Number of protein chains: 2
Amino acid sequence: MKREYERSLAFVKGRCTVVKRQARGRQRIREILDAALAQFAETGYEKTSTNAIAARAGMSPGSLYQYFPNKEAIADALSQRLLDELREAHAAAFDDTAVTELPLPDLVSRVVDPLVSFHVTHPGAKVLIGERGQPLHTGVADRVAALLRARSSESPDDDVRRSSAVAVQIVAALMGGIVAAPEPERSALVHELKRALTGYLNQPAGL
Amino acid sequence: MKREYERSLAFVKGRCTVVKRQARGRQRIREILDAALAQFAETGYEKTSTNAIAARAGMSPGSLYQYFPNKEAIADALSQRLLDELREAHAAAFDDTAVTELPLPDLVSRVVDPLVSFHVTHPGAKVLIGERGQPLHTGVADRVAALLRARSSESPDDDVRRSSAVAVQIVAALMGGIVAAPEPERSALVHELKRALTGYLNQPAGL
DNA sequence: AGAAAATACGAGTGGTCGCTCGTGAAACGA
DNA sequence: TCGTTTCACGAGCGACCACTCGTATTTTCT
């Protein structure tokens with residue numbers, strides 16, 4: 001019986017080889033990523049040991065290292081998976097036609113709201129941003145930049161890029177508190193975030 | 001010959017005792033803090049080893065542990081020292097009388113500018129904020145809250161506290177990029193930071 | 001001068017962590 | 001059925017790290 005297998009990399013005896021992943025293996029990768037996300041959320045990236053991830057995923061350290069060459073690769077793959085989920089959640093906000101006409105507060109809400117619910121349902125995502133580089137950051141920043149360019153086509157490109165980078169950093173900065181806060185306060189903080197963004201983006205550039 | 005000595009804590013043989021610090025000892029503490037700040041700036045808090053701090057300060061690990069019981073205490077003392085320096089640099093901005101009358105952009109500049117130059121001259125300060133709790137954060141946030149309360153006395157206290165916390169988080173979020181950027185870009189980013197703050201604080205609360 | 005206090009040293013200890021490797025079980029393909 | 005590939009295991013290795021301790025030196029004070 002012929003079957004189709006996803007080709008992917010395995011890391012056995014210190015060597016990187018190409019293997020035909022079985023269904024079991026693909027499931028294992030998902031389990032590792034799930035465990036890593038939960039563990040990162042609890043203890044942060046640096047303080048999370050790979051042995052703890054393996055234990056949480058119900059496997060031995062050796063099994064874990066058949067699917068990832070090192071700890072960093074786990075975080076990278078996790079960032080990628082989260083970024084994909086985020087892109088999907090954001091599709092409605094970004095892939096629309098009439099972004100140019102929409103009032104700024106509405107536009108901000110359309111971008112911020114899915115972002116908030118994404119981070120609320122994935123409380124570990126913020127440590128992949130906070131403690132490690134910017135893989136999630138840049139993914140969003142690029143799309144925000146494109147959106148801003150569409151709205152104010154006469155602004156110089158550097159200004160647009162800077163504005164979107166700043167806006168993304170503001171969102172990232174407040175997201176931690178938003179996720180951590182209990183519900184009555186959380187809504188208030190989301191409201192403040194939107195106020196900050198609209199206030200920032202509304203202003204004429206020459207102040 | 002009688003001399004006056006500062007009493008402080010020593011940590012010898014695992015026990016905490018009170019000693020009469022000599023001038024040499026006080027100098028050593030300064031050297032440890034200097035070395036720690038430089039090392040934190042280079043490698044971050046977690047990845048900085050106490051042995052590396054000791055080596056950078058030109059002393060043995062044992063000597064370092066005569067002045068601090070553990071790594072965290074070094075970071076705490078350093079945070080305290082930086083907070084004192086910052087408070088001094090901010091005295092002019094906060095201790096003024098007519099804060100209520102000043103236009104918002106001017107007020108923002110008076111607060112932000114010393115903050116920026118403080119972080120530029122102490123590039124290690126931001127990791128004490130970024131990777132470890134909020135000792136520097138809260139110190140500034142309280143003063144900002146007092147300032148905001150003075151300006152809009154009719155706002156509810158919760159709103160004021162929230163606004164100042166958000167403002168401080170915005171500053172903290174952008175400070176990293178500001179410190180890292182070379183000079184032409186740095187000024188532009190500072191300008192963006194001020195725009196963000198004025199835009200945020202200018203708005204009527206009910207948006 | 002001489003005892004006591006404070007400072008200084010640095011090899012060493014116990015512990016953690018990322019990662020490996022030899023071995024064996026399960027699934028696949030013929 | 002049987003060889004090959006993929007998956008699984010877990011003790012343990014080497015490196016690093018926060019911190020200790022016995023000892024030696026310097027300063028203080030009488």
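Chain letters run A, B, ... following the sequence lines, proteins first and then strands; every chain starts at 1. Here the structure is a predicted model, which means the values were calculated and not measured.
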Q | Pair B:D84 + B:R81, salt bridge at N-O below 4.0 Å | A | no
Q.
So, OP1 or OP2 of C:dC19: does either fall under 4.0 Å of a side-chain N or O from A:Y65?
A. yes
Q: Report the distance from atom OH of A:Y67 to atom P of D:dC7, rounded to the nearest whole Å.
A: 4 Å
(Q) Rounding to an integer number of Å, can you tell me how far B:I29 CD1 sits from C:dT7 C1'? (A) 12 Å
Q: Send over the distance from B:Q39 CD to D:dA18 C1', rounded to a whole Å.
A: 15 Å
Q) Sequence neighbours excluded, which residues qualify as salt bridge (charged side-chain N to carboxylate O under 4.0 Å, His left out) partners of A:R26? A) A:E6
Q) If each of B:K13 and A:A10 is mapped to the nucleotide of DNA chain D with the nearest heavy atom, which maps nearer the 5' terminus, i.e. the 5' end? A) A:A10
Q. With a 4.0 Å cut-off on heavy atoms, is B:S8 in touch with a base, just the backbone sugar-phosphate, or nothing at all?
A. nothing
Q) Counting side-chain heavy atoms from C-beta on, which of D:dC19, D:dA18, D:dT6 comes nearest to B:S49? A) D:dA18
Q: Determine the contact category for A:G25: base if any of its heavy atoms lies under 4.0 Å from a base atom, sugar-phosphate if only primed atoms, P, OP1 or OP2 are that close, otherwise nothing.
A: sugar-phosphate
Q) Contact class for B:T48 vs. all strands (heavy atom < 4.0 Å): base, sugar-phosphate, or nothing? A) sugar-phosphate
Q) So, A:D158 and A:R162, do they make that salt bridge, N to O below 4.0 Å? A) no
Q. Is B:Q66 side chain donor-acceptor paired with the C:dA6 base, going by distance under 3.5 Å alone?
A. no
Q. Should A:R15 be listed as having a side-chain N or O under 4.0 Å from OP1 or OP2 of C:dT20?
A. no
Q) So which nucleotide from C:dT7, C:dG10, C:dC19 ends up closest to the side chain of B:S60? A) C:dG10
Q) Can you tell me if the side-chain N/O atoms of B:R28 get under 4.0 Å from OP1 or OP2 in C:dC9? A) yes
Q: Give a yes/no on whether any side-chain N or O of A:T50 is located under 4.0 angstrom from OP1 or OP2 of C:dC17.
A: no
Q) Taking atom P of D:dC9 as reference, at what distance in whole Å does atom CG of A:L64 sit? A) 11 Å
Q | Closest-nucleotide 5' rank along DNA chain C - winner of A:E72 and B:V12 | A | B:V12
Q) Looking at B:R24, does any N or O in its side chain come under 4.0 Å of the phosphate oxygens OP1/OP2 on D:dT28? A) no
Q. Please give, in whole Å, the distance from C:dA30 C1' to A:K20 NZ?
A. 12 Å
Q.
Is it the case that the side chains of A:R30 and A:Q27 hold a donor-acceptor pair, with the cut-off being a distance below 3.5 Å and no angle test?
A. yes
Q | A:A52 vs B:S63, nearer the 5' end of DNA chain C by closest nucleotide | A | B:S63
(Q) Just the rounded figure in Å: distance from P of D:dT27 to CZ of B:R26. (A) 15 Å
**Q.** Quiz item: A:N51 side-chain donor-acceptor pair to C:dC19 base, under 3.5 Å
**A.** yes
Q. Where the side chain of B:K194 meets the backbone of B:D113, is there a donor-acceptor pair that is under 3.5 Å apart?
A. no
(Q) One thing to verify: whether A:D34 and A:R56 come together as a salt bridge, which I'm taking to mean a side-chain N less than 4.0 angstrom from a carboxylate O. (A) no
Q | Whole angstrom value for the distance that separates P of D:dA8 from CZ of A:F68 | A | 13 Å
Q.
Distance check needed: C:dA27 C1' versus A:Q27 CD, whole Å only.
A. 16 Å
